[in-house]
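Before any comments, here is the structure.
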Amino acid sequence: MAAALGSAGLLGLLVLWWLGTDVLAAERSFARRFSPVAALPALANLLASGTLWDHILISLQRVLLGLGLGFAAGVPLGLLVGTSRLAEVATAPAFQFLRMISPLSWMPIAIMVFGIGDRPIYFLLAFAAVWPILLNTAAGVRQLDPNWLQLSRSLAATRWETLNRIILPGILGHVLTGVRLAIGISWIVLVPCEMLGVQAGLGYFILDARDRLAYPDLMATVLVIGATGFALDLLARSAVVRMTR
């Protein structure tokens, strides 16, 4: 039932797209160039020819690496903030200040510091991913049952044993939820990041299609971005359910 309703919603979105470009738009309107009648065959051709697959894989690689960097920074910081009231008070204003700055605002600075290429993209993706992971990790630590920690102390567990046997399993659901949120944010930030002078990726391919005036290819790429992001979120949601059950 849920799958049928979801499919109906996607079909309705496709119908609205067709109405906007092929029915309601004027005969010589520029909007007609973005019609699904042209975009869907272009999508099939790009996938069949293999043109888009390399760009998809490169974009996924960038997102995963940026996510890994955000994870490596966010989890330890979240553990520190969650376990230490002093650290929370000291870092909360700075973290909230930085979190409210759009990652895309750092584009010019990232280019000046890291140069043209993948490195500024990794920085921007990591900056986007770190906050949901950090905040969810800290929230998970604060919501741990105090009896678990007291039991650990009563059994003379070391700090490593407490972390490994109680804290990390107890916050796993929160951490995975933060990772899921970070994937969505990173995927949204990725496309404009890939317009920073790189020669591959879905963001680059959109600019390339625009420069070639290949508007069906452009819309086909937009569809691929949406479908890939949807698949990533679906996988992340399934992982959260399966690993926290």
Side-chain angles (χ1 to χ4, degrees), residues 1-68 104 116-118 120-122 124-125 128-129 179-180 182-239 242:
M1 184 64 177
L5 289 175
S7 300
L10 291 175
L11 181 61
L13 186 62
L14 179 61
V15 170
L16 289 175
W17 177 17
W18 173 75
L19 287 174
T21 57
D22 291 68
V23 177
L24 300 179
E27 185 66 30
R28 296 182 179 275
S29 172
F30 191 73
R32 287 183 173 264
R33 303 188 184 189
F34 303 98
S35 165
V37 176
L40 294 177
L43 174 62
N45 290 334
L46 289 171
L47 294 176
S49 65
T51 303
L52 268 180
W53 290 111
D54 288 341
H55 297 286
I56 294 172
L57 293 175
I58 289 172
S59 292
L60 288 173
Q61 176 185 333
R62 288 173 177 149
V63 164
L64 292 177
L65 184 51
L67 184 67
L104 301 180
I116 298 295
D118 285 340
I121 296 178
Y122 296 146
L124 294 172
L125 293 177
V179 170
R180 180 191 172 192
I183 289 174
I185 296 172
S186 299
W187 189 250
I188 292 172
V189 171
L190 172 70
V191 172
C193 287
E194 288 186 328
M195 299 176 181
L196 292 178
V198 295
Q199 299 300 314
L202 293 172
Y204 161 80
F205 194 77
I206 283 182
L207 286 183
D208 180 66
R210 182 204 62 182
D211 294 340
R212 292 185 287 110
L213 304 181
Y215 301 114
D217 288 0
L218 190 153
M219 287 306 301
T221 310
V222 170
L223 292 176
V224 168
I225 291 170
T228 307
F230 180 86
L232 286 174
D233 183 72
L234 185 63
L235 290 173
R237 185 170 56 205
S238 300
R242 184 170 59 254

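What you see is a predicted model; the values in this text were computed from it and never measured.
In this structure, the side chains of Leu52 and Leu202 come closer than 4.5 Å at one or more pairs of heavy atoms. Under the 4.5 Å side-chain criterion, counting only non-hydrogen atoms from C-beta, Trp187 is in contact with Leu60. Taking 4.5 Å as the limit, every side-chain heavy atom of Leu125 sits out of range of all side-chain heavy atoms of Leu67. A 4.5 Å side-chain heavy-atom check between Leu223 and Leu40 finds at least one atom pair inside the cut-off.
Here the closest heavy-atom approach between residue Pro216 and residue Ala38 is recorded as CB-O, 3.7 Å. When all heavy atoms are compared, the tightest approach of Ala182 to Ala129 is CB-O, 3.5 Å. Looking at every heavy atom in both residues, Met219 comes nearest to Ala39 through CB-CB, 3.7 Å. Across every non-hydrogen atom of Arg32 and Thr21, the tightest pair is CG-O, 3.0 Å.
Counting only distance, with no hydrogens or angles, the side chain of Trp53 and the backbone of Leu46 share no donor-acceptor pair below 3.5 Å. Panel note: side chain Asp208, backbone Tyr204; no donor-acceptor pair is recorded below 3.5 Å. Of the possible donor and acceptor atoms, one in the side chain of Trp17 sits under 3.5 Å from a partner among the backbone N and O of Phe34. Side chain of Ser59 to main chain of Gly201: no donor-acceptor pair is present (N/O by atom type, distance under 3.5 Å, no hydrogens or angles).
Within the model, atoms SG of Cys193 and CD1 of Ile188 stand 12.0 Å from one another, a figure rounded to the nearest 0.5 Å. The line from CG of Leu213 to CZ of Arg33 is 7.5 Å long, rounded to the nearest 0.5 Å. Summarising the geometry, atom CG belonging to Leu19 is positioned 9.5 Å from atom CG belonging to Leu14; distances are rounded to the nearest 0.5 Å. The distance from the CE atom of Met195 to the CD1 atom of Ile206 is 5.0 Å, given to the nearest 0.5 Å. Distance check, rounded to the nearest 0.5 Å: CG of Asn45 to CG of Asp217 gives 8.5 Å.
Using cut-offs of 30° and 60° on the angle between ring planes, the pair His55 and Phe205 is tilted.
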